[in-house]
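Just follow the structure's listing: the first ligand is 1, and inside any ligand the first atom is 1.
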Amino acid sequence: MINIKLLAEKIKNKNPLTKAEIYEAIECYTKNLISDNDFLPFIETIYTYKISDKELYHLTMAMLDSGEKLDLSNLKSVVDKHSTGGVSDTTTLIIVPICASLGTKMLKLSGRGLGFTGGTCDKLESFKGYKTDIDINSAIDLVKQNGGCMLTTSKELAPADKKIYALRNKTGLVDNIDLIASSIMSKKLACGANIIVLDVKYGNGAFMPNKKSAKILGKKMKKIGSYANKKVKIVLGKMNQPLGYNVGPKLEAMEAIKVLKGEEKSNLYHDSVKLASICVSLDKHIPYFIAKHKVKKSIKNKTALNKLKIMISCQGGSLDLFNEEYKTPTLIIKSNKKGKVVSFNTKEIGNIVAKMGTVKMEENDKIIYENGIRTFHKIGDKVKINEPIFYIYASSTQMAEEVGNKLKKCIEIK
Ligand code: URA
Ligand code: CA
């Protein structure tokens, strides 16, 4: 049996791990031959100490090889995109239907909430009945039929990431370049897309605190991709405030619908348009500005919105959210002064919402999809006295009040 403590010692002492050691550790953990507790030192030492690019590559490949790899060659070109994580980052629910509606095929494997960031998988499940854990063949059939499919990691695809991701979430070992790079790239390589667009977010609402660290993460993921003969496009994006206005699985799903209805032109809209345009431009070999024109048109003429409806219902999801309006919040927080919004403590906003039951901490936890918050301002916006700054949707008035007291400290108005 693999001795994880010994591997951890080697990492600490900068004594390189062999490919065989890394593969054995990942295999034992994925097959449940070692417990979370026994495996944890491996993740802890990677989190705390550095591993080489070669070790990172083997780690990623071991995670990839823990499951099956999709062969999408008979679909010709398939594009994949992934965000490194942020607050109110709902771009997937917008980009996948846009691309699918324009003939750019996408098969998107998404995770659950991680740390202070919401999970796309949880947002998708806000459509009651939506199945995120469909099998590989059904996913490929759906891409053939609809041009796109959104699902989650499973026993088949990147199972090692599914387990390591949950363990990192439970233990707070999240914001680390090597762990993020291997997590994302193992999933992306498992999905078999020939073009991979990576949205690397940095700022106080992202795992990467600054542009420098985002660039390093981007470079590492690109390098892993190039070893695996994949075209990887890195897009850096600043995140010093929630990307959209809403935070929380169902509220974010509703906001994605609003963007596709053309009713909202927030940063979420602009980021989604940009990323979708990059995907379409690379896939169709057309200039970015032409792709952007097509993308905007797909929102304007509702083809992307209709595509999302089809995709949701094909995976068993209810379409009720498409006609639902925002409910009366549990609590409204108003500004006690007049001025301009100068900053948000975005990470704290994400943490507060995660603690409202919107992020799964243990395997058997039930997510409260409805809980979350709405904001109404972006940095630079004017705020009047007594104007609402947060709407809180909580399980109880007590929870809403606690959340409200913390949220007040997350926005700076001057
Ligand atoms: N997204 C992922 O899939 N994994 C990470 O580790 C971070 C963001
Ligand atoms: Ca994510």
**Request:** Please report the closest heavy-atom contact between Ile379 and Asn240, naming both atoms and the distance.
**Result:** CD1-O, 3.9 Å
**Item:** Numbering as shown, the atoms of ligand 1 that approach Leu114 to under 4.0 Å (heavy-atom distance)
**Value:** 5 (C), 6 (O), 7 (C)
**Ser183 neighbourhood, listing ligand 1 atoms whose heavy-atom distance to it stays under 4.0 Å** = 2 (C), 3 (O), 4 (N), 5 (C), 6 (O)
**Request:** Search all heavy atoms of Pro242 against all heavy atoms of Ser88 and return the closest pair with its distance.
**Result:** CB-CB, 3.9 Å
**Asked** If we only count N/O pairs under 3.5 Å, is His82 in contact with ligand 1?
**Response** yes
**Prompt:** Which atoms of ligand 1 have any heavy atom of Ile184 under 4.0 Å away?
**Reply:** 1 (N), 2 (C), 3 (O), 4 (N)
**Fill in**
Note: ligand 1 atoms sitting under 4.0 Å from heavy atoms of Thr84 are 7 (C), 8 (C)
**Message:** Would the distance check show the side chain of Ser298 and the main-chain N or O of Ala304 forming a donor-acceptor pair, the cut-off being under 3.5 Å?
**Reply:** no
**Prompt:** Hey, would you say the Phe207 and Phe116 ring centroids sit under 6.0 Å apart?
**Reply:** yes
**Request:** For Lys187, counting its heavy atoms only, list the atoms of ligand 1 lying under 4.0 Å from any of them.
**Result:** 2 (C), 3 (O), 4 (N)
**Asked** Does Lys238 NZ have over 12 foreign heavy atoms under 6.0 Å away?
**Response** no
